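Remarks on the structure that follows.
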Amino acid sequence: MIPEIEELYQEVILDHSRRPRNFGELPDAAVLVHGDNPACGDEINLAVKFDTSGGLQDIKFTGRGCAISQASASLMTMKLKGKSREEVLEMLHAFHDLVTNETNEAPKKLGDLRVMRGVRNFPLRVKCAMLAWRAVEQALEQGVGEAIVSTEPA
Amino acid sequence: MHKIAASTIDWDAVRGDFPILRERAHGHPLIYLDSAATSQKPRAVIEALRNFYEHENANVHRGLHTLSTRATEAYEKARRRVAEYIGAASADEIVFTRGTTESINLVAQAWGGKFIRQGDVILLTVMEHHSNLVPWQLLAERTGARLRFVPVLDDGTLDLDQLSSLLTPEVKLFAFTHISNSLGTINPVANLCAKAHAVGVLALVDAAQSVGHLPINVRELGCDFLAFSGHKMCGPTGIGALYARAEILDSMPPYHGGGEMIVSVTLEKTTFKKAPHRFEAGTPNVAGAIGLAAAIDYLEQIGRPAIFEHDSQLARYAAERLTELPGTRVFGPTDERGALVGFVMDAAHPHDLTTFADQYGLAMRGGHHCNQPLMRRFGVSGTTRASFYFYNTMEEIDRMIEILQAAVRFFS
Ligand SMILES: Cc1ncc(COP(=O)(O)O)c(C=O)c1O
């Protein structure tokens, strides 16, 4: 098997894409974000419930798309549940750096998300990895109600 | 060596005419199955571009010096070559454009701007490439015209039973693709044009996927407009053509304004040249036109009937082999198809498949192929597409199947 493929599609990623965690509806969500990647047709519906201090009390998603976008969403929801607003934003930037930067650093705080680092070798797939994160960013910004976000701003 | 029937042609030698096919990708021999996006270029075309820049380059229709005369002659000769290639009555019916997209936009703006009124209808089909949809949406917005669509059946063919009820008196133009770039469907162009003409409707054919693959004669097809791109038929990028019947072209106002398209200009008023020069404002893509003519020479040496025979054999073989794979859905007609096959596999999303394949040197395309409404019609967000040209081989398709089998094992 080819090393770049093994690095991109690590077993953890394939597992999350086949059996995404936190997949489903969140009936009492405060905000619902529909994210899409029109270039690929990837879609995500991200539902978020906040705690009293604005942290992510619960987060779930539904969607369809490539293995990278689905696994990224699944891993992200696991990581972000229970995190404060600041932690989420910090994680967002660290994750973006992880999948785009040439440097080999993978900050410890990203934990399991570090399995996504193989994406950096595939510039065209960065948007797939970032879709769920764009949605959560939008959810924080919006706070309440429904929103849409796209990887291709109109 | 290049003769008429596909069986007598030395296709290996033909393949040798394409230097890029010796490239490697990720350490593997390149298997280029993305010719529907753009074809590769034979040495003859690359040499023609080089020869032009080394021996003939000058602006056209302007200078009176030697090089300008040479460049102008070569450019106008290229126009005659294109006219012959598609069976146009005269070179004056050929406008050089940047490609299919610009050709269709030219018709929508110049012809549509003059002849389309509120309440008129442009008839399209659900299988159109965005470049034969968006220009008409823009025209409809500007004029208050409406769009109407011939549906696509499950087997990827047009629902022709609906055609007569769709061709009502408000319809002014029927614009449709010759070969679908996602399904491979070959539409019955002559029949469609005849049906349109029978009720006084003009017909525009998007020949992007057909003009390099099968014989085309605009007078036999009976179309009023034909649009195509050079880069999908062994020519350079940035050059293509619009064919329009002389009478129609002459009735159309200019498209872009500028140099090259005028007879005389005062500060207040301009008189325009006649067609086709009226539609070619500014310095044209001279080298591109010459490269396109070289591509035509090259294709005609092999012969389009042989090319079609070879390519459709590859496409049929690929479609057959693909249906052997578990959880695979192949789109488009099963009998006759153009040189491509679109499919989806349960095991992996088109983007994962194409990323995977690329690591083995196999170039395919995954996505919506500028056919979003058609993808929606078939309930998918995208497909994987393998597309072929006469330089591809059965062995490459066998290799594609092996790689896809490996992908199924890897992703399931
Ligand atoms: C059927 C069809 N129409 C139009 C186009 C647009 O061609 P171009 O991008 O060369 O203008 C394409 C190619 O992408 C096509 O396949």
Side-chain angles (χ1 to χ4, degrees), chain A residues 1-20 23 34-45 62-75 99 115-132 150-152 154, chain B residues 24-29 31 34 37 130 134 137 182 327 331 342 344-385 399 402-412:
Chain A
M1 191 46 65
I2 289 173
E4 282 82 3
I5 286 285
E6 301 260 84
E7 201 200 349
L8 178 64
Y9 296 109
Q10 300 200 21
E11 200 42 52
V12 181
I13 293 180
L14 290 178
D15 180 54
H16 275 263
S17 76
R18 290 183 199 119
R19 296 185 304 119
F23 193 89
H34 176 80
D36 81 344
N37 180 350
C40 305
D42 295 344
E43 282 180 65
I44 183 175
N45 292 297
T62 60
R64 60 173 193 171
C66 65
I68 303 298
S69 71
Q70 297 302 294
S72 181
S74 173
L75 286 158
V99 295
V115 299
M116 298 289 297
R117 71 195 288 176
V119 171
R120 71 179 66 195
N121 297 319
F122 298 85
L124 293 173
R125 306 303 298 277
V126 170
K127 282 179 181 164
C128 312
M130 288 304 297
L131 178 62
S150 174
T151 55
E152 307 283 333
Chain B
R24 295 176 80 82
H26 298 289
H28 295 269
I31 302 176
D34 197 19
H130 296 165
V134 181
Q137 290 177 339
S182 291
F331 296 89
V344 290
M345 301 180 87
D346 293 342
H349 185 276
H351 283 91
D352 296 318
L353 271 186
T354 46
T355 294
F356 184 91
D358 181 55
Q359 295 295 316
Y360 291 87
L362 170 58
M364 298 186 296
R365 182 158 169 198
H368 55 62
H369 316 293
C370 301
N371 268 148
Q372 287 184 7
L374 184 66
M375 296 293 127
R376 234 165 268 135
R377 153 70 181 83
F378 282 99
V380 294
S381 61
T383 64
T384 303
R385 180 183 72 188
R399 183 71 188 128
E402 281 170 22
I403 293 168
L404 291 173
Q405 281 164 339
V408 172
R409 285 194 298 275
F410 182 77
F411 287 108
S412 338

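Small disclaimer: the values here were computed from a predicted structure and weren't measured. Chain A is the first sequence line, chain B the second, and so forth, proteins listed ahead of strands; every chain is numbered from 1.
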inquiry  = Counting only non-hydrogen atoms closer than 4.5 Å, can you tell me which residues of residues 404-412 of chain B sit against chain A?
reply    = B:Phe410, B:Phe411, B:Ser412
query = Is there a donor in the side chain of A:Arg64 and an acceptor in the side chain of B:Ser381, or the other way round, less than 3.5 Å apart?
reply = no
query = For the atom pair CG (A:Leu124) and NE2 (B:His351), what is the distance rounded to the nearest 0.5 Å?
reply = 8.5 Å
query = Is any residue of residues 2-9 of chain A within less than 4.5 Å of chain B by heavy atoms, and which ones?
reply = A:Ile2, A:Glu4, A:Ile5, A:Glu6, A:Leu8, A:Tyr9
key: Nearest heavy-atom neighbours spanning A:Ala67 and B:Asp352   = N-OD2, 2.5 Å
request  = Against chain A, label B:His28 side chain, backbone, both or neither, depending on which of its atoms sit under 4.5 Å from a heavy atom there.
outcome  = side chain
